[in-house]
Amino acid sequence: MTAAPRWRETEIVFTGPDLENPYVEVEAWVDLVHASGETLRRPVFWDGCTTYRVRFASTWDSGAWRWTVGTASAAHRLEPASGVLEATRPTTPSVHPALDRGFPRIAPGARAMTHPDGSPAFLVADTAWALPFRATLEDVATYAADRAAKHFTAVLLMTVQPDMGARGPRGRDVPGGFEVGFEDLPDGHLNQIVTAYWQHLDRASAILVDHGLTPVLVPVFHGFGWKGLGSAGPVICAEEYARFCRYLVARYGARPAVYLVGADGTGEEQGVEAGGEEIERWDAYGQPVGIHHRPHSRLEAHQDAPWLDFRSCQTGHDGDHVPDRLATMWMHRPVKAIMNGEPTYENSGRPGKATGWWQGHEAWSNVCAGGLLGVAYGAGSLWQWRLSPEEEGHPEVFLAEDAGWREALDFEGSRYVGLVGHILRGLPLQDAAPCWDVLLRSRGLLVPGRLFLSYAEHGGPWVFLDADGRIPDRYWVIDPRTGRLVDAGTRPRNLGSIPGEPEVPMVLICADEPPPVVVEQLG
């Protein structure tokens, strides 16, 4: 009997019909019933010739899962047709918390992710958009090691090169080149799938997950795209877009994943609603589904849709801090989780743009404005996966001067954004709300009686106004540029103050117990 470790991907391989285009013609699934009575349905995907696969992650660490195959057409038989998996405990811990605590999700009306065991989850996302179609596996490993060391937890990815007008040689790590996920994408269609492309992305995404990084998957971009050469997203019909969304759930949904069903558009484009509904229908684990909006979008599309878990905005690419964009999103009803998924890219277009601490200040400002889902970072030349400082063919307005993706990895601002998640680890942000009346001067988040967090752009002192009975009595002051503990003690009463060096950014945390970042330093 095949073992199915809890929260780890298990694969069943089938032999199926030999058809002209199985990707389009075959719709199949596997129903899995656990001894407890829990039932999960996972979609099957075609993987070349007569090979079909289903990927599944057990939600239990013991007991049998009995499974059976179902198909939309009786003529499309898969063998074997049934079987049994035995749920087990994983034999080794994982770097990725979702593989031990369960895949995070966003509960209806919640503003942040939590694991099934109730522990909080927070996205610290990088925007390596072009990695799937440009990066070799060796490059992915180099990239993942760097981002993991800087405490990133997610990577935003274009699953396919989206520009219908892009031309170049086939191949990753080839100047001007890229690999192709669908042969007919240049014609605005998603029917002629290239299975070898997705087999490579299997391995690349596994490297990311092995480094604790969750792939954030965009089916097809709706806005600028890769080089601004006519993104296919807006012209692909709803049926084809939905089918592709189902394929992504089938192929990657038994490992940690987040889905951006719309990207760099209004969210009203054809295919977005159908794609969101298809993910909701087929994702047995309820992993987060969101829309990522262009800077000039109204941020209102599908607000009441049950499949929409979160909304991600852009605040432009010109170096302006616009946390009020998050504050506007916070007010929309029904409640959805929110984040800024694309602040200004560091060094994009001109040296010095949005560099260094600009990125840290931006991230902390967005969190305190209500972006409790997470923070994001971007670097010029990295998001395009520019192979070298000499590679031509990319619009200069989005490139970092004298940098390819390797050089852009070292931009200073990435360290500060990564530290945001490191400092916030384990804190109950899912219950927090922006708060302005506890302290004089600084931004804050409050969970009444449990947590108060303050980001002071210009440092201390922190003068308390109406804190007694609302926030805990113990405090810790942390330098957000290093993650190091600066001060700790018992909070003074109303009208008392905690001293702090002026003009030095600091984070104040008030809680009953020291946060994990403090515990690690105190031993």
Side-chain angles (χ1 to χ4, degrees), residues 1-5 8-33 39-58 65-86 132-133 137 159-161 170-172 179-185 187 189-206 215 217 219-220 236-237 239-255 257 275 278-279 281-285:
M1 187 181 300
T2 302
R8 308 297 171 91
E9 182 180 273
T10 300
E11 184 176 88
I12 306 169
V13 182
F14 306 96
T15 300
D18 186 5
L19 303 171
E20 182 177 351
N21 192 345
Y23 169 76
V24 172
E25 298 176 61
V26 176
E27 181 178 327
W29 58 88
V30 170
D31 287 320
L32 301 106
V33 181
T39 299
L40 297 177
R41 174 171 286 187
R42 290 289 299 150
V44 171
F45 65 93
W46 174 64
D47 203 28
C49 299
T50 59
T51 299
Y52 297 76
R53 305 180 191 273
V54 72
R55 291 172 176 168
F56 159 76
S58 175
W65 287 95
R66 299 187 179 277
W67 58 264
T68 56
V69 174
T71 60
S73 170
H76 297 161
R77 295 187 60 186
L78 302 181
E79 294 293 342
S82 63
V84 181
L85 299 171
E86 183 66 28
F133 50 90
L137 296 180
T159 59
V160 291
Q161 191 288 110
R170 294 284 179 94
R172 297 176 176 86
E179 285 291 354
V180 174
F182 289 89
E183 295 287 0
D184 54 344
L185 186 143
D187 301 319
H189 290 286
L190 298 174
N191 295 315
Q192 299 173 21
I193 198 165
V194 181
T195 55
Y197 177 94
W198 301 100
Q199 291 161 359
H200 180 278
L201 189 55
D202 285 351
R203 297 188 288 273
S205 64
L217 303 172
V220 187
I236 293 170
C237 71
E239 179 184 3
E240 293 177 18
Y241 199 82
R243 183 192 299 121
F244 182 32
C245 288
R246 179 174 180 263
Y247 180 82
L248 293 176
V249 171
R251 189 139 205 155
Y252 302 108
R255 58 182 69 167
E278 196 75 352
I279 295 173
R281 176 187 175 197
W282 288 104
D283 178 17
Y285 305 107

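Scope of the values below: all heavy atoms of this structure, side chains included, with no hydrogens, waters or symmetry mates. Nothing fancy with the numbering, it's 1 onward along the sequence.
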Salt bridge (Lys or Arg N to Asp or Glu O under 4.0 Å) partners of residues 12-24, not counting sequence neighbours, each pair once:
none

First locate atom CZ of R281, then atom CD1 of I279, and finally report the distance between them rounded to the nearest 0.5 Å.
13.0 Å

Evaluate the ring planes of W282 and W29, with Trp represented by its six-membered ring, and classify them as parallel (under 30°), tilted (30 to 60°) or perpendicular (over 60°).
tilted

Contact between Y252 and D202 at the side-chain level, heavy atoms closer than 4.5 Å - yes or no?
yes

Donor-acceptor contact present, side-chain R55 to main-chain R251, <3.5 Å:
yes

Hey, are the side chains of Y197 and V180 touching, using non-hydrogen atoms and a 4.5 Å cut-off?
no

I want to check something: taking the side chain as every heavy atom from C-beta on, are L32 and R42 in contact at a cut-off of under 4.5 Å?
yes

Between C245 and G275, the two heavy atoms sitting closest are SG-CA, 3.6 Å

Would a distance-only check, ignoring hydrogens and angles, find a side-chain to backbone donor-acceptor pair under 3.5 Å from T159 to P219?
yes

State yes or no: are the ring centers of F244 and W198 separated by less than 6.0 Å?
yes

Mind checking what makes ring pair (Phe, Tyr, Trp, His ring centres under 6.0 Å) contact with Y23, not counting sequence neighbours?
F182, Y247

Any non-hydrogen side-chain atom of V69 less than 4.5 Å from a side-chain atom of F14?
yes

Nearest 0.5 Å, please: how far is CZ in R53 from CZ in F45?
6.0 Å

Decide yes or no on ring pair (Phe, Tyr, Trp, His ring centres under 6.0 Å) for F56 and W65, but give the supporting numbers first.
CA-CA 11 Å; F56 159 76; W65 287 95; 5.0 Å; yes

Could you tell me whether the side chain of I193 reaches within less than 4.5 Å of the side chain of R243, counting heavy atoms only?
no

Does any part of the side chain of H76, heavy atoms only, come nearer than 4.5 Å to the side chain of L19, both counted from C-beta?
yes

Which atoms form the tightest heavy-atom contact between V44 and R246, and what is the distance?
O-NH1, 4.4 Å

Residue pair H189 / E240, side-chain donor-acceptor N/O under 3.5 Å:
yes

With sequence neighbours excluded, residues passing salt bridge (Lys or Arg N to Asp or Glu O under 4.0 Å) with R255:
E9

Okay, side chain of Y52, backbone of P17: is any donor-acceptor separation there less than 3.5 Å?
yes

Mind checking the CG-CZ spacing from L85 to R66? Nearest 0.5 Å is all I need.
10.5 Å

Considering all heavy atoms, the nearest P43-V54 contact:
O-CG2, 3.6 Å

Heavy-atom check, side chain of T71 versus side chain of V26, under 4.5 Å
no

Give, for atom SG of C237 and atom CG of N191, the distance between the pair rounded to the nearest 0.5 Å.
7.5 Å

Heavy atoms of other groups near E239 CD, more than 12 under 6.0 Å:
no

Non-hydrogen side-chain atoms of T51 and T195 separated by less than 4.5 Å
no

Can you tell me how far CG of D47 sits from CD of Q199, rounded to the nearest 0.5 angstrom?
4.5 Å

Measure across T10 and P5 and return the closest heavy-atom pair with its distance rounded to 0.1 Å.
OG1-CD, 3.9 Å

Value rounded to 0.5 Å, distance of CG in L217 from CG in L248
6.0 Å

